[in-house]
> 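Sharing a structure here in C-alpha cells format.
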Number of protein chains: 2
Amino acid sequence: MKFSKATNYALHTMLFLVAAAPDKHIGVQQLAERQSVSPTYLSKILTKLVKAGMIESASGANGGYRLKRSWEDISFLDIIHAIEGTASLFDCDFNHGPDCLIQLVMVEAEDEMETYLKNKKMSDLARTVKLSKISL
Amino acid sequence: MKFSKATNYALHTMLFLVAAAPDKHIGVQQLAERQSVSPTYLSKILTKLVKAGMIESASGANGGYRLKRSWEDISFLDIIHAIEGTASLFDCDFNHGPDCLIQLVMVEAEDEMETYLKNKKMSDLARTVKLSKISL
DNA sequence: GCTATTATAGATATATAGTATCCCTAATGG
DNA sequence: CCATTAGGGATACTATATATCTATAATAGC
Ligand code: SF4
Ligand code: SF4
C-alpha cells in the first residue's frame, strides 16, 4: 500500500501554486520540469484538480493553471481524494453486518488519518511556504 | 492506495485463531476454505506471520497453525506490517531536509493511523469475538 | 483571420506489484 | 512406511500505475 506518485505530483504542484503569484497562470511545462515529469502526464493529473474545483485552467497563449479563489480551504485530504478516489482503503467483498470487528477497526483507523489530513489546509501552509523558499 | 487482499486474509485468519481453541493446531486447508482462497497462497501469507513470531506452525499429520503464547499483545499494526512491510506510505525520491512541509504532513498523517492500529490488540477483541460468533 | 501557444482527450505502451497456482521438498504423527 | 501438512521455488495471470504520443480545441497577440 502506497500513495501514488500522481498524488505526490499533485501535492507539489498545489504547494507551488500557493507559493507563486496567485493571479498569474502557470504553464504545465514549467510545473513539469520542476518535478522531472512528463508534461502530458502531469496535465492529466492537474485536470483532475480542475474538475474537483481546486484550480482553474486557461488554454491558449499565456495560459496555464492557477488557484481558485477558495484555495485557502483546500485540504490535503481534498487533493488526495481528487487523485486517488474516495473508496475505502480496506475492502472486503462481503458485508457481514455490525458484528464485523475487522472493518470496524480498519475504517476507524483510516478515519484517524483522514481527519488529520482534512485539518491540514493550504492556508496553514501559505505563510510557511513563502518564508522557506520551497525546494520543489 | 489500498490494503492488499493478503492483509485481509491475514487479519481474518488471526481473528479466527483468536476465537478458536488456542492450543489446537488448525490446518491451512480449513482456514483457506473459510475465506475462499487457495491454500498454497494463504500458506505463504501465514508463513510471514510465523516469521514475525505471531503464530507457530507444525508440519505433519494433525499439524497446522496456532497462536503463540504472547498473542494477546499482537496489534492490528503488527499484522499489517508483517504483510505489507514497514515502509512509509508516502515516498519521494529526494530528501529536501526539514523544510519539507509535504513529508511533514504525510508522515504525521500516517502516524495517526498507525497509532490507532497499534492500540488495537488481539486481547481487545478476544472477548467480543467469542460472543458474536464471527462470520468469517 | 493567421499563427503560435497551451490545455484536453484518446489511444497506446511499459513497468510494477498483487494475486494465484503448480509442484517439489521437508517434517511429523500414526 | 505412509498419509498428512507446512515451506519454498518457479511460474503465470491480473490489475493498476506510470508514461508517452498524437490529435483536437481554445485563446492571446499580431
Ligand atoms: S468479517 Fe467483516 S471484514 Fe471480514 S468479510 Fe465479513 S464484513 Fe468483510
Ligand atoms: S519537497 Fe519534500 S516531499 Fe517534495 S521531493 Fe523534496 S523532500 Fe520530497
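Every chain is numbered from 1 and lettered A, B, ... according to where its sequence line falls, protein lines coming before strand lines.
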> Using heavy atoms and a sub-4.0 Å distance, could you list which residues of residues 82-92 of chain B are near DNA chain D? By number, please.
none
> What residues, two or more places apart in sequence or in another chain, satisfy side chain to side chain contact (heavy atoms under 4.5 Å, CB included) together with B:K68?
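With sequence neighbours excluded, B:K68 shows a side chain to side chain contact (heavy atoms under 4.5 Å, CB included) to B:E56, B:S70, given in chain and number order.
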> Once you apply a heavy-atom cut-off of 4.0 Å, does A:Y9 come out as touching a base, just sugar-phosphate, or nothing?
sugar-phosphate
> Taking side-chain hydrogen bond (donor to acceptor under 3.5 Å, both in side chains) as the definition, give me every residue that meets it alongside B:S59, ordered by chain and number, with sequence neighbours left out.
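None.
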> On DNA chain C, reading 5' to 3', which nucleotide is the first and which the last to sit with an atom under 4.0 Å from a heavy atom of chain B, could you check?
C:dT19 to C:dG30
> Holding to side-chain hydrogen bond (donor to acceptor under 3.5 Å, both in side chains), I want the full list of residues that pass it with A:T7, two or more places apart in sequence or in another chain.
A:S4, A:E84
> Donor-acceptor pairs under 3.5 angstrom involving side-chain atoms of residues 111-120 of chain A: please list them, not counting sequence neighbours.
from, atom 1, to, atom 2, distance (Å)
A:E114, OE2, A:H81, NE2, 3.1
A:T115, OG1, A:D111, O, 2.8
A:N119, ND2, A:T115, O, 3.1

> Between A:K24 (NZ) and D:dA28 (C1'), how many Å, whole number?
15 Å
> For A:Q103, give me all partners under side-chain hydrogen bond (donor to acceptor under 3.5 Å, both in side chains), at least two apart in sequence or on another chain.
none
> For A:A32, which residues count as a side chain to side chain contact (heavy atoms under 4.5 Å, CB included) partner, sequence neighbours excluded?
A:V37, A:P39, A:L42
> For A:A21, check side chain to side chain contact (heavy atoms under 4.5 Å, CB included) against everything at least two apart and list the hits.
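Listed in chain order: A:D23, A:K24.
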> Can you classify the ring geometry of A:Y9 versus A:Y41 as parallel (below 30°), tilted (30 to 60°) or perpendicular (above 60°)?
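The arrangement is perpendicular - the two ring planes meet at more than 60°.
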> Show me the protein contacts with nucleotides 4-9 of chain D, counting only N or O atoms at under 3.5 Å.
from, atom 1, to, atom 2, distance (Å)
D:dT4, O2, B:A61, N, 3.4
D:dT5, O4', B:G60, O, 3.1
D:dT5, O2, B:G60, N, 3.4
D:dA6, OP1, B:V28, N, 2.8
D:dA6, O3', B:S57, OG, 3.3
D:dG7, OP1, B:S57, OG, 3.0
D:dG7, OP2, B:T47, OG1, 3.0
D:dG7, OP2, B:Y65, OH, 2.3
D:dG8, OP1, B:K51, NZ, 3.1
D:dG8, N7, B:K44, NZ, 3.4
D:dG9, N7, B:K44, NZ, 3.4
D:dG9, O6, B:K44, NZ, 2.7

> For B:K44, which residues count as a side chain to side chain contact (heavy atoms under 4.5 Å, CB included) partner, sequence neighbours excluded?
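Testing B:K44 for side chain to side chain contact (heavy atoms under 4.5 Å, CB included), a comparison that skips the adjacent residues, returns none.
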> Rounded to whole angstroms, how far apart are NZ on B:K5 and C1' on D:dC13?
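Taking NZ of B:K5 and C1' of D:dC13, I get 13 Å after rounding.
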> Sequence neighbours left out, what passes side-chain hydrogen bond (donor to acceptor under 3.5 Å, both in side chains) with B:S123? Give chain and number order.
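Per chain and number, B:S123 pairs via side-chain hydrogen bond (donor to acceptor under 3.5 Å, both in side chains) with no residue.
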